[in-house]
Amino acid sequence: MNKIFETPLYPYSHGPDEDAQVPVRHQVVIVGAGPVGLAAAIDLAQHDVDVVIVDDNDKVSFGSRAICFAKRPLEILDRLGCGQPMVDKGVEWDLGKVFFDEREVYSFDLLPEDGHQRPAFINLQQYYLEEYLVARVRELQAEGKKIEIRGRNKVSAIGTHPDHVALEIDTPEGSYNIEADWLIACDGANSTLRAMLGKDFVGRVFEDNFLIADVVMDADFPTERWFWFDPPFNRGQSALLHKQPDGVWRIDLQLGWDIDKEREKRPENVIPRLKEMLGDDVEFELEWVSIYTFQCRRMEQFRHDRVIFAGDSAHQVSPFGARGANSGLQDSDNLCWKLKLVMDGKAPESLLDSYDNERIHGAEENILNSSRSTDFITPKSEISRLFRDSVLNLAEAYEFARPLVNAGRLSVPCTYDGSPLNSSDALAGPNRTRPGSPCPDVELPGGYLLPRLGDRFTLLTIDADAPDLIEEDGITVERLALSVKDDPTLLLKDRYLGDCESAVYLIRPDQHVAARRPAYDDLQFRAAIRRATGKE
Amino acid sequence: MADLILTPNIDGADDFYADLLDTHDGMDTADSHALNARLVLVLANHIGDRAVLSQALKAAAFDQKEDTQ
Ligand SMILES: Cc1cc2nc3c(=O)[nH]c(=O)nc-3n(C[C@H](O)[C@H](O)[C@H](O)COP(=O)(O)OP(=O)(O)OC[C@H]3O[C@@H](n4cnc5c(N)ncnc54)[C@H](O)[C@@H]3O)c2cc1C
């Protein structure tokens, strides 16, 4: 057993809040120190918010769970100070192979685009991400930020009030109460807060079981994603092999519906299956094994007054497509700047409803994609299996059928089309940077674009005049002036101008486009700032 | 928007029909179904136009509802 699963990362210690006569009030309490809760806490602490994370555990989450992290979450982690260690430790990959029966049907290359600081995907065990996030929390504490993680602090009751939330927390030494102006519920797919508030979580359960194993082996399989449909070693089912750092490999084996989970999980049953897959001569050791039934479901609303759900507590997807943690980090990215403006009185509380609107849109997109992948991987009827197999057979012979093969559509950020925060598009520019889009990165002589957008409102001007600073009703917007003259790769032009001569973009703190026009127009951009902060 | 053609459009209809049956000749039902599925996918890719494809799906399902696109 890997010792990282056993070492407490944030052990319980008795804190002053436990002895207070009157419950201590914090600005924000976050329930759950998974990837999403930790990311949200760091984001808020970086903006000088007083934040407490409580978790009923004190270690990284058991098993490696998420392994595949996409570019957008890495960019978000950059802003939180954790992107670099992820990329340094992670395994980069862009090749994949699809097998059907005994044959390789085709291989693909993700062909990552040029001009991005971060790779399209890396593989890394979720426990490393959690470890880096906790290290970042410690760093912020050392800088004097008000951020705390309380291990073995389990929320056992919640009370909601018009101006705060009250919590009862159980610790190894008894229970205590605290209060929060705002509560972010990041307590995972089996969220106890959701249950305590009586909110439902509806969707689809896929009647199938998957054995997920991480094995340590010294094998020379390449750094590629290998996916099998109906292989000889797992007839009628599917399988996946993917590399992680430290010689750890992720293996998924579909098992079907009518199985005895406890039996299948035992090493004496797992090992022969893996031997059949990997070959008898490969030496390996089991690091972690679990059996999952996958679901796609979400809460009807993520915001319930002062209690806001983010990550798996708000939505759950099957892991084909790696959309769980990746989308949870985008929830937190979307929420934190809004919450900060509301707490500072710079935006109306209704701005938080746009979190609901935008992230429900994101969740729907993720659920749609991962449901479709699941339907392809585990056909539900004879006819869907027939079409699935036909697609695979055709894919081997003809290129046209390859886009129909769906072994997981890997996570990409969603564009908030139709968001109430968007101003209507006034530039005949590239579609990919229309209002609502996440800003694509660009390599420029002075460094990459995204870090320069930072985490505040920015007015990006490309060969256009504009004031260096705009103040609109408490919101400060700084200008970043660029020119295609300093764009040797022409990627800035390609991604932000298209055929236009000039452009002005209003960019939100989460690096999504709020508005764009060919030139600066004071009235229009002030209106756009108000709209992007929920004031119109 | 292109419209699905639902009037006669194949030159030598009898020849085409004979070709279709010839291709299936001697196959067992499972293989024939698989061939049909592949044929649908090949033809759908050739058509490409999503609007025409939706009309074709509806026409084949005898779905009378007005196309709302
Ligand atoms: C096999 C598998 C493979 C996956 N692969 C990927 C992938 O490749 N890419 C990807 O992006 N995602 C993947 N995921 C999904 C990913 O693991 C989750 O989306 C992610 O962990 C969600 O993070 P979270 O912070 O929302 O919740 P969690 O990580 O579940 O954290 C919830 C936390 O809340 C705490 N908690 C719960 N109740 C209470 C309470 N009452 N009081 C205090 N604390 C409480 C728990 O202890 C826990 O620490 C995968 C998942 C699985 C199972």
Side-chain angles (χ1 to χ4, degrees), chain A residues 98-108 227-232 235-238 364-365 368-369 371-409 412 415 417-418 431-432, chain B:
Chain A
V98 175
F99 301 86
F100 181 36
D101 198 347
E102 302 195 1
R103 293 133 33 220
E104 179 184 329
V105 175
Y106 74 101
S107 61
F108 61 87
F227 199 98
W228 287 264
F229 293 97
D230 196 10
R235 269 298 165 213
Q237 312 284 4
S238 66
E364 287 282 285
E365 200 171 285
L368 180 73
N369 276 292
S371 302
R372 285 175 170 175
S373 301
T374 312
D375 285 337
F376 193 88
I377 292 165
T378 69
K380 296 298 171 304
S381 65
E382 233 174 280
I383 190 71
S384 77
R385 180 172 291 267
L386 180 66
F387 273 114
R388 202 279 305 270
D389 290 353
S390 302
V391 164
L392 290 168
N393 282 318
L394 287 167
E396 188 177 5
Y398 310 113
E399 204 185 322
F400 89 81
R402 293 176 190 165
L404 297 173
V405 175
N406 190 344
R409 298 277 179 248
V412 284
T415 295
D417 281 320
N431 195 40
R432 68 188 289 180
Chain B
M1 185 180 84
D3 265 329
L4 177 71
I5 300 171
L6 287 172
T7 50
N9 191 39
I10 302 175
D11 238 7
D14 288 350
D15 292 340
F16 160 72
Y17 195 77
D19 284 349
L20 183 63
L21 293 192
D22 279 351
T23 310
H24 282 277
D25 201 26
M27 284 188 184
D28 64 25
T29 311
D31 287 344
S32 266
H33 282 320
L35 174 82
N36 280 341
R38 291 197 298 275
L39 184 62
V40 166
L41 294 164
V42 167
L43 295 176
N45 182 66
H46 181 83
I47 294 166
D49 185 332
R50 284 276 312 286
V52 175
L53 291 171
S54 325
Q55 293 171 53
L57 288 168
K58 286 197 176 135
F62 294 126
D63 181 347
Q64 303 293 325
K65 272 185 271 128
E66 267 304 299
D67 205 358
T68 49
Q69 288 189 12

Sort by residue number and list every residue of residues 373-381 of chain A having at least one heavy atom under 4.5 Å from chain B.
none

Within a 6.0 Å radius of atom CG on B:D11, are there more than 12 heavy atoms belonging to other residues, nucleotides or ligands?
no

Sort by residue number and list every residue of residues 393-403 of chain A having at least one heavy atom under 4.5 Å from chain B.
A:L394, A:F400

Does atom CZ (A:R409) have a neighbourhood of more than 12 heavy atoms from anything else shown, all under 6.0 Å?
yes

Is the number of heavy atoms from other residues, nucleotides or ligands within 6.0 Å of CG (B:D28) greater than 12?
yes

Under 4.5 Å to a heavy atom of chain A? For B:V40 that would be side chain

Do you know the tightest heavy-atom contact between B:L41 and A:S390?
CD1-CB, 3.8 Å

Whatever's closer than 4.5 Å to a heavy atom in chain B on A:L404 counts as side chain

Heavy atoms from other residues, nucleotides or ligands near CG of A:L368 exceed 12 (cutoff 6.0 Å):
yes

